[in-house]
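Down below is the structure, laid out as structure tokens.
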2 protein chains.
Amino acid sequence: MIRQTKPREIIIKTIERAEGPVAVEEIHARAAGELPGLGIATVYRTLKLLLAQERIAVVEFPGEPPHYEPAGRGHHHHFRCLSCNRWMEMGERGCIVPWLDGSILPGGYLVEGHRISLYGRCPNCADEVAPPG
Amino acid sequence: MIRQTKPREIIIKTIERAEGPVAVEEIHARAAGELPGLGIATVYRTLKLLLAQERIAVVEFPGEPPHYEPAGRGHHHHFRCLSCNRWMEMGERGCIVPWLDGSILPGGYLVEGHRISLYGRCPNCADEVAPPG
DNA sequence: CTGATAATGATACTACGTTATCTGTTGGCG
DNA sequence: CGCCAACAGATAACGTAGTATCATTATCAG
């Protein structure tokens, strides 16, 4: 029987509230802010449980440890702010190339899926450099 | 003084001949085909050297170990064949979104760079399923 | 050809992300 | 409430990619 506990509650809330996919260490740090003493093993155990329940999904980025985001958010891409170093989710509307999957590229490459990662400045950090107006 | 040796010669040729970025184990396996007994440490050492000389570049893919490709090939993207499981280079002409960098996305995200990975069937493997004609 | 030494292969070691183990705690049914 | 399996935190152990070490081999200037 699976119990509802405070650590679990806080860990899943942390992932749901996040601006995008978060790594284990980040989840631990943020959740520990609400529950001091939270152990890293509990974070790993809870992630495993939530994955098995398909409440969260893994997202891998080049050269980085696995990140986690809530499951069921449909097709979307990610944006990494080079100032605050956070991954953010770009909504389904944000897909740059909705026509891509299913097309055949010059040379005969049949595209069945794609992953796009954008790098730049998020609205917050861009404002700091060049304020609007 | 840096010497020219058979292992080094074979390792760099392996990378240059490859159809796309290759991982350490793959480099080792292919090079050992030409030079039996080649040690994995030599592959790591040589990669380090070639990187320092900027003759090769690292390419990271989500959830995979680092891959290596010859340096100086300009802006391009990669295609992973889901049949033969190889990463292939899509030439500069193959960039799906040449206008992307520098643009500002809805919401105020300033794009400074992008990484696109395509997944599907390469011409060879697609032919096996659905021959032309 | 020869010697100095860079490079090699084998392998022990390190670093680090993740998992298993242990002991004390706690949620929730009876 | 009281029990007890599920769960928690602490930490040792693990797997693996990459590095350091070392005795041996090979390159190449003289």
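Just so it is clear: chains get the letters A, B, ... in the order the sequence lines come, proteins before strands, and each one is counted from 1.
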Aromatic centroids of Trp87(B) and Phe61(B) separated by under 6.0 Å: yes
Stretch residues 33-52 of chain A: residues that reach within less than 4.0 Å of DNA chain C through a heavy atom: Ala41(A), Tyr44(A), Arg45(A)
Residue whose nearest DNA chain D nucleotide is more 5′ - Met1(A) or Ile2(B): Met1(A)
Separation of dC28(D) C1' from Lys6(B) NZ (nearest whole Å): 15 Å
Euclidean distance, atom CD of residue Gln4(A) to atom P of dC29(C) [Å, nearest integer]: 11 Å
Backbone N/O of Glu60(A) and side chain of Arg115(A): donor-acceptor pair under 3.5 Å: yes
Side chain Arg8(A), main chain Arg3(A), donor-acceptor under 3.5 Å: yes
Presence of salt bridge, Lys6(B) and Glu34(B), under 4.0 angstrom: no
Closest listed nucleotide, where the reference is the side chain of Pro7(B) and the choices are dG9(C), dG18(D), dC4(D): dG9(C)
Interatomic distance, Glu112(A) atom CD to Cys81(B) atom SG [nearest 0.5 angstrom]: 8.5 Å
Base dA5(D) to side chain Arg3(A), donor-acceptor N/O within 3.5 Å cut-off: yes
Within the 6.0 Å centroid threshold, strictly below: Tyr119(B) and His114(A): no
Given dA8(D), dT27(D), dC28(D), the nucleotide with the shortest approach to the side chain of Thr5(B): dT27(D)
Value in whole Å for how far the C1' atom of dA26(D) lies from CD of Glu9(B): 14 Å
Atom-pair distance (CZ on Arg8(A); C1' on dG9(D)), nearest Å: 14 Å
Length of the line joining His28(A):NE2 and dG17(C):C1', which is rounded to integer Å: 14 Å
